[in-house]
Number of protein chains: 2
Amino acid sequence: MKTTGDQFLVKKINKSIVLDTIRDQSPISRAAVSKMTGLNKGTVSSLVAELINNEFVLEIGTGKSSGGRKPVMLLFHETAGYAIGVELGVAKIRTILTNLNGEMVEEASRKLARTEIEYVTQELFAAIQSMIDLTPPSRYGIVGIGIGVPGIVDETGRILFAPNLQWENMDLNALISEHFQLPVTIDNEANAGAVGEQQYGAGRDAANIVYISVSEGIGTGIIFGRELFRGAAGLSGEMGHMTIEANGRKCRCGNKGCWELYASTSSHPQYDFDTLVQMSASGEADGIRGFYEMGEYLGIGISTIINTFNPELIIIGNQMMRAERWITSAIQQTVATRSLSYHRKHSSIRFAQLETRSTLLGAAYYAISGFFSKDRASLAETM
Amino acid sequence: MKTTGDQFLVKKINKSIVLDTIRDQSPISRAAVSKMTGLNKGTVSSLVAELINNEFVLEIGTGKSSGGRKPVMLLFHETAGYAIGVELGVAKIRTILTNLNGEMVEEASRKLARTEIEYVTQELFAAIQSMIDLTPPSRYGIVGIGIGVPGIVDETGRILFAPNLQWENMDLNALISEHFQLPVTIDNEANAGAVGEQQYGAGRDAANIVYISVSEGIGTGIIFGRELFRGAAGLSGEMGHMTIEANGRKCRCGNKGCWELYASTSSHPQYDFDTLVQMSASGEADGIRGFYEMGEYLGIGISTIINTFNPELIIIGNQMMRAERWITSAIQQTVATRSLSYHRKHSSIRFAQLETRSTLLGAAYYAISGFFSKDRASLAETM
DNA sequence: TTTACTTAGTTTAATCAATAGACAAACTAA
DNA sequence: TTAGTTTGTCTATTGATTAAACTAAGTAAA
């Protein structure tokens, strides 16, 4: 059943437009919000009054006059609540605490000695609890927890398969949300990274982004029309397993010639990634050649992505960023020869701006956006 | 500037929900519409009254009582207007006339002797005019023209590049819409085919579809969340040029090892497509083997599509449909070994249900949906 | 035939959100 | 001092939905 329209829907739409405008443009006056949104001045006044009442917006005194009465400047109240972002890796758990603007206020990391579920969940509980303990007092407190994991996650937050952790079919979402009694969002590490870069990093102005997380495997997060794409079952974006050599090496996924066998950090036949970085940094030809070849293969996959999606922006993130200066030209050259010219003109390639925090900040954003997009029933309570 | 909410928006939303419900479920009573949509009985009554007034809906007498007053059954008035769908091919122009339900009422085809722009546009004008001449009288007449073309089209309907017609950068939309003074939508043939199958064919219940148009090249139309995906500049879906052999044959697009070099109807090194069909039909091993290999390569690309998009449905259309019985098992087997099991479970592969009319019906649907989704300003005039 | 009960559809009064426009407040500039 | 401008609030109006009453028109059982 489609949601029908009524006045509550109208108010919800307009209230979130006003709040978004204030958040993006603050400090801003009521009059300016009215002009920008096209909403009537009176409407803006009344919605702002409610937002102030709920502490989502603050007045911070008058601004400069432009020939008439001085405007009262409004600010998004970024510390009315906090969000927790978690990145569950194979060897460590990283956590951050952000305000409602996605600005980091605390950060921590703890090593994981093993990968058994019981041990890891205990460590997760402890890591999250320590962030909660560090949270300053605020109106809404912790508004939610977002978690990025290295594996396939369905739409409900169940981890279907995490090869590196050797987990299968595990309902992490239920576990965490029951323990902390807070809203929890769990997603693939690449999806979270894509969202992080889109909200706070290299993709802030782009509507269509493909984020490529390159480490031991290759994961992708696809954003269309400013929204993360999820396939039929919430799965998607496993482009690391697209075929680029029809009769290439065998992959553990069952396929042959998968992209990640040729372009991930573990794809070099001889040296591991750390060694390659060291060699290249000290100018050794073998290292530089190794990265050049990886860059070419990355370019092959990126060309397919450009022809398929024609995204405004392709962002390369995760471990492979450390090789930026040795792979960039190989990628660019390969893409220049292999992608369709009409598409290439509209696509550019960049490296992640948030460096190693794309996933963490994206995870925190899941919690923040979940808080602000609650459905009508729960909105009525808080807003 | 985001569209803000007001009561006109609410009415527009609800009116289109009511109309959609009647169209999908007709014949249906007002009471049933109210139950299905959750809208108040009075609201439904008043919206239906307006729809009847505008001849979008008809009353067709009473239905069966279920223990009380007999319901008045409502019907979507499918002949209140007509749409024209056009498929511009290399050797011919095909045209159909449909009612507002996308049901074909006229069909025609005319051969193209040459591909020069002047000649082809004259033929297009004549082909469309002959459909207009055949249109029965109705309240709204021809509501629009949709055209599917073999090439890259931008969001405004400008043909950027049509290799088979040898056209470049041509504003076909302006040409046609000025000549007939009607709304015109122009899109790539594969996108139109995807929309056709989604609305009227194999994909009617699916939200996420990838339509693969396989003829001399391979084009794809991607539908997410019941909406056609368009990339940054309205371009997208040129998956025929994804790399499946990193060092494969040279393609005219500049890339090497493009999918369409191995899996299109023109990909056999020795025989042309018609010959292969004939050979296979008469049981010749060479023909059957040829199709088996094509099926394998199709399967390779489809596996990548499954891993990338995890669509509910993959639809194979256009010329390659004629080889359905010889390629199906090769495709299925290849996909079974090459795609990720978690994704494969949620994806199924079918052939186009509208046969050779996917593109034509999709093009007509562009015109119909354009008519029903006019913006508020023009809606006020007609509705 | 009568009576009780159902279902369909309309009408009416109430609610509520946005809007236009009047108005007050506070400022600039001549 | 005065005229004009900008900001923000207040008020009456509009219009869409809704709940609930009401009318219409049937079924079913005593």
Side-chain angles (χ1 to χ4, degrees), chain A residues 1-19 21-22 25 27-53 57 59-74 376 379-380 383, chain B residues 1-19 21-22 25 27-53 57 59-74 376 379-380 383:
Chain A
M1 197 165 88
K2 267 187 192 170
T3 30
T4 55
D6 59 16
Q7 38 198 356
F8 300 109
L9 177 70
V10 170
K11 188 164 185 179
K12 190 179 150 191
I13 291 171
N14 291 338
K15 201 167 184 174
S16 93
I17 288 175
V18 169
L19 184 56
T21 307
I22 294 172
Q25 311 286 331
I28 187 175
S29 68
R30 289 169 175 80
V33 171
S34 168
K35 266 180 203 144
M36 285 194 66
T37 59
L39 287 166
N40 184 280
K41 290 193 294 173
T43 307
V44 171
S45 269
S46 105
L47 292 176
V48 165
E50 289 183 34
L51 289 169
I52 288 175
N53 202 37
V57 167
E59 288 187 338
I60 49 151
T62 55
K64 275 210 168 172
S65 160
S66 60
R69 173 173 166 180
K70 281 183 181 167
V72 177
M73 303 313 274
L74 303 169
R376 194 191 310 167
L379 260 177
M383 301 181 77
Chain B
M1 194 166 89
K2 266 189 191 170
T3 32
T4 55
D6 58 16
Q7 39 197 354
F8 301 108
L9 176 71
V10 169
K11 187 166 184 178
K12 191 180 150 191
I13 291 171
N14 291 340
K15 201 167 184 173
S16 92
I17 289 175
V18 169
L19 184 56
T21 306
I22 293 172
Q25 312 286 332
I28 188 174
S29 69
R30 289 168 175 80
V33 172
S34 168
K35 266 182 204 144
M36 285 195 66
T37 59
L39 288 166
N40 184 279
K41 290 194 294 174
T43 307
V44 171
S45 269
S46 106
L47 293 175
V48 165
E50 290 183 33
L51 289 169
I52 288 175
N53 202 36
V57 167
E59 289 187 337
I60 49 152
T62 54
K64 275 210 167 170
S65 160
S66 59
R69 173 174 167 177
K70 283 183 181 168
V72 178
M73 302 314 273
L74 303 169
R376 194 191 310 167
L379 260 179
M383 300 182 76

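Only heavy atoms go into these numbers, but all of them, side chains included; no hydrogens, no water, no symmetry mates. Everything numeric here is computed off the predicted structure, so don't read it as measured data.
Between B:Gly42 and A:Pro71, the residue whose closest nucleotide on DNA chain D is further toward the 5' end is A:Pro71. Mapping A:Gly68 and A:Gln7 onto DNA chain D by nearest heavy atom places A:Gly68 closer to the 5' end of the strand. Along DNA chain C, the nucleotide closest to B:Ser65 and the one closest to A:Asn14 are compared, and the more 5′ of them pairs with B:Ser65. Of the two residues contacting DNA chain C, namely A:Gly67 and A:Lys11, the nearest-nucleotide position lying further toward the 5' end is that of A:Lys11.
Nearest heavy-atom pair, A:Leu47 versus A:Lys11, reported as atom, atom and distance to 0.1 Å: CD2-CE, 3.9 Å.
Among the protein residues, B:Ser66 comes within range of the sugar-phosphate backbone only, with heavy atoms under 4.0 Å from sugar or phosphate atoms but none that close to a base. Residue B:Val44 is classed as having no contact, given no heavy-atom separation below 4.0 Å to the nucleic acid. Contact annotation for B:Ser29: backbone-only contact, meaning every heavy-atom pair under 4.0 Å involves sugar-phosphate atoms and none involves a base.
Taking 3.5 Å as the limit, the base of C:dA26 and the side chain of A:Arg69 contain no donor-acceptor pair of atoms between them.
Distance B:Leu9 CG to C:dT19 C1': 15 Å, rounded to the nearest Å. The interatomic distance linking A:Asp6 (CG) with C:dA17 (P) rounds to 9 Å, in whole Å. Atom NZ of A:Lys41 and atom P of C:dA22 are 12 Å apart (whole Å). When rounded to the nearest whole Å, the span between CG of B:Asn40 and P of C:dT12 equals 15 Å. Rounded to whole angstrom, the span from the CZ atom of B:Phe8 across to the P atom of C:dA17 amounts to 17 Å.
Of the inter-residue distances, the one linking B:Met36 atom CE with B:Ile28 atom CD1 reads 5.5 Å to the nearest 0.5 angstrom.
No side-chain heavy atom of B:Gln7 sits less than 4.5 Å from a side-chain heavy atom of A:Gln7. The shortest side-chain heavy-atom distance between A:Ile13 and A:Leu9 falls under the 4.5 Å cut-off. The closest side-chain heavy-atom distance from A:Leu74 to A:Val48 is below 4.5 Å.
Not a single donor-acceptor pair under 3.5 Å links the side chain of B:Ser34 to the backbone N or O of B:Arg30. Side-chain N or O atoms of A:Thr37 include one that pairs as donor or acceptor with a backbone N or O of A:Val33 at under 3.5 Å.
The nucleotide C:dA30 finds its pairing partner in D:dT1, both defining distances of the Watson-Crick or G-U wobble pair being shorter than 3.5 Å.
Here B:Arg30 reaches the OP1 or OP2 of C:dT10: one of its side-chain N or O atoms lies under 4.0 Å away. Side-chain nitrogen and oxygen atoms of A:Lys70 include none within less than 4.0 Å of the OP1 or OP2 phosphate oxygen of C:dT28.
Extent of DNA chain D lying under 4.0 Å from chain A heavy atoms, first and last nucleotide in 5' to 3' order, is D:dG4 to D:dT17.
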